[in-house]
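What follows is a set of notes on a single structure, which appears directly below.
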Amino acid sequence: MKLKNDILLRTIAGEEVERPPVWLMRQAGRILPQYRKVRSSLSGFRELVNTPDLAAEVTIQPVDELGVDAAIIFSDILVIPEAMGLPYELIEKKGPYFPRTIENANDVDLLRSGLDAAENLEYVYNAIKTTSANLNGRVPLIGFCGAPWTILSYMIEGSGSKTFSKARRFLHQEPELAHKLLEKITKTSIAYLKQKIQSGCHLVQIFDSWAGILSPTSYKEFGLPYIAKICESISEAPKIVFAKGAWFAMKEFGRLNCEVVGLDWNMSPEWSRNQINSTQTFQGNFDPAMLYASHDKIQSETVSMIKRFGGNHIANLGHGVYPDTPLENVKVFVNTVKNFRYSKLETSSGHHSDLKISNL
Ligand code: CP3
């Protein structure tokens, strides 16, 4: 089906666009009253994730309400551990919880992997098909998965954590077993992303939410190679790699077979561009906490962000939007991007040497 709004895909393809495309990580969720309404009528988050019609409904809500240039399928990265054999729960006001975790080699051996695991995610593929039909080509649909290291951390830790010290301990005490587990997660993620694309996703994002808690050396051993493997295996659609906090691996992101690199708000656009030799598109990196500022401030900071990237850029936040962010403020951000026009010197050609980057 031909897309009515393809500015996101044109930007990624290196075409000249009049402004950056815009969407927000975690745009489908509690910032929207429509989401809270659907959610409050259900037994919980899982019912929403597991019911394709409902997942499709909340996926489209931000497209209607905010006018963003992409939808991201409503789901969670934790469906992967569950499909492999470790079910998750979501505890109200606390977050993810795994009744069983990985403790030894036998636990790793018992996990399903690859197609065998990915075929348990039919409800996600159905949600994508329904969303795709209901979107009717309005905007592209983004699929996603967690990066293997981030998924491993939940499988070992069993819940969220400030330090993920148990998961980090596992890497150093049982490196071989850790690699075996990462390999199984990687195989599953590849099969999963391929199915998602086949079901109707136009591009995919890999979320490495806990990349930044590893040392550069550990990240190069336990994080990057598995992301690289996923990127090498997916040629059916463009890939976005977003590794929160991993500024130290920017050079390596530049060598990944991915079309887009996501930046968090700690990563400077100019510094990051200098680190890489590719024409990869950047995505990010507005501080989500800046969305609590006045409308004027949000507006001027958004323009300043766009100018600093200077083209070949997808406007987004540097991480997910916080659930208590005023909706009006989110709209100011989105509308500021949509009203922006690149001047000649800042057009998004994908050839950065031609760009005038202001605010250095
Ligand atoms: O709009 C979108 O971005 C799509 C939906 C989406 C959710 N989770 C829905 C969700 C996406 C892309 C995710 C990814 C995800 N899930 C990540 C990676 C992105 C990141 O933020 O770093 C991670 C680490 C998770 C794990 C997870 N799921 C946590 C830590 C939590 C609890 C924290 C929270 O936000 O409440 C969840 C639950 C979750 N996933 C919610 C939503 C909307 C809140 C559930 C609710 O409605 O109560």
Side-chain angles (χ1 to χ4, degrees), residues 22-51 54-66 68-82 86 88-98 124 127-128 131 139 141-155 157-162 164 167 189 192-193 196 201 203-213 240-246 262 264-265 283-285 288 316-325 330 334:
V22 59
W23 69 280
L24 282 81
M25 289 188 270
R26 295 289 192 105
Q27 65 188 19
R30 288 163 295 185
I31 52 162
L32 298 174
Q34 302 92 313
Y35 172 87
R36 296 197 296 267
K37 187 158 171 252
V38 174
R39 174 77 168 74
S40 66
S41 66
L42 304 174
S43 60
F45 174 71
R46 294 188 47 113
E47 189 181 347
L48 192 46
V49 169
N50 293 359
T51 314
L54 294 174
E57 183 183 342
V58 300
T59 299
I60 298 174
Q61 285 173 350
V63 180
D64 291 335
E65 181 71 34
L66 302 171
V68 282
D69 296 308
I72 177 162
I73 188 68
F74 190 84
S75 185
D76 204 274
I77 61 168
L78 305 177
V79 302
I80 285 285
E82 179 159 284
L86 287 189
Y88 74 96
E89 295 168 9
L90 204 88
I91 301 180
E92 218 57 55
K93 298 201 167 68
K94 285 192 103 173
Y97 173 71
F98 288 82
V124 182
I128 292 169
T131 305
V139 288
L141 180 60
I142 304 172
F144 67 90
C145 70
W149 151 245
T150 287
I151 296 299
L152 174 144
S153 24
Y154 282 107
M155 290 172 109
E157 202 86 25
S159 66
S161 158
K162 275 214 174 89
F164 279 96
S189 306
Y192 179 53
L193 290 181
K196 280 184 141 173
C201 288
L203 67 163
V204 291
Q205 173 154 332
I206 302 168
F207 284 94
D208 207 354
S209 306
W210 305 116
I213 63 170
I240 306 170
V241 171
F242 172 64
K244 172 90 178 57
D264 71 28
W265 66 91
Q283 173 174 281
N285 73 344
N316 203 318
L317 306 181
H319 201 185
V321 62
Y322 301 129
D324 65 348
T325 309
V330 177
V334 172

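Quick note: residue numbers are just sequence positions, from 1. Atoms within each ligand, like the ligands themselves, are counted from 1 in listed order.
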| request: Hey, can you tell me if Phe207 and Phe242 have their rings parallel, tilted or perpendicular (30° and 60° cut-offs)? | output: perpendicular
| query | Which ligand 1 atoms, with their elements, are less than 4.0 angstrom from a heavy-atom of His319? | reply | 20 (C), 21 (O), 22 (O)
| message | Regarding atom 29 (C) of ligand 1: of the candidates Pro96, Gly143, Gly95, which has the closest heavy atom? | response | Pro96
| task | Mark up the atoms of ligand 1 that fall under 4.0 Å of a heavy atom belonging to Tyr35, in ascending order. | result | 43 (C), 46 (C), 47 (O)
| Distance filter under 4.0 Å to Tyr154 heavy atoms, resulting ligand 1 atoms | 24 (C), 30 (C)
| query | Does a side-chain N-to-carboxylate-O contact under 4.0 Å join Glu92 and Arg39? | reply | yes
| query | Are Tyr322 and Ile31 side-chain neighbours, meaning at least one heavy-atom pair lies under 4.5 Å? | reply | no
| field | Top protein contact for atom 11 (C) of ligand 1, by heavy-atom distance | value | Phe144 CZ, 3.7 Å
| message | Would Arg26 count as a polar contact of ligand 1, with the cut-off being nitrogen or oxygen pairs under 3.5 Å? | response | yes
| request: Report the residue from Leu48, Val124, Ile128 that forms a side chain to side chain contact (heavy atoms under 4.5 Å, CB included) with Ser75. | output: Val124
| query | If we only count N/O pairs under 3.5 Å, is Ala28 in contact with ligand 1? | reply | yes
| field | Atoms in ligand 1 flagged as close to Arg39, the criterion being non-hydrogen separation under 4.0 Å | value | 46 (C), 47 (O), 48 (O)
| said: Strictly distance-based, threshold 3.5 Å: is any side-chain N or O of Asn316 a donor or acceptor partner for the main-chain N or O of Gly284? | reply: no
| Minimum-distance pair of heavy atoms, taken over all atoms of Phe74 and Thr59 | N-OG1, 2.9 Å
| task | Determine yes or no for a side-chain-to-main-chain donor-acceptor pair under 3.5 angstrom, with Trp265 supplying the side chain and Pro288 the backbone. | result | no
| remark: the protein heavy atom lying closest to atom 26 (C) of ligand 1 turns out to be Asp76 OD1, 3.5 Å
| task | Would you please classify the geometry between the Phe164 ring and the Tyr154 ring as parallel, tilted or perpendicular, with 30° and 60° separating the classes? | result | perpendicular
| field | Nearest protein heavy atom with distance in Å, relative to atom 42 (C) of ligand 1 | value | Phe45 CE1, 3.5 Å
| query | Looking at ligand 1, does Ser75 have a heavy atom less than 4.0 Å from it? | reply | yes
| message | Test: salt bridge (charged side-chain N to carboxylate O under 4.0 Å, His left out). Region: residues 22-31. Which pairs qualify, not counting sequence neighbours? | response | none
| said: Using 0.5 Å steps for rounding, measure from the OH atom of Tyr35 to the CD atom of Glu65. | reply: 15.5 Å
| Just which atoms of ligand 1 are under 4.0 Å from any heavy atom in Leu90? | 37 (C), 38 (C), 45 (C)
| remark: Looking at Arg30, Gln205, Gln27, the heavy atom closest to atom 36 (O) of ligand 1 belongs to Arg30
| said: Tell me whether Ser209 has any N or O atom under 3.5 angstrom from an N or O of ligand 1. | reply: yes
| field | Per-atom contacts, ligand 1 versus Phe207 - under 4.0 Å to a heavy atom | value | 12 (C), 18 (C), 19 (C)
| query | Where is the nearest protein heavy atom to atom 14 (C) of ligand 1: which residue, which atom, and how far? | reply | Ile77 CG2, 3.8 Å
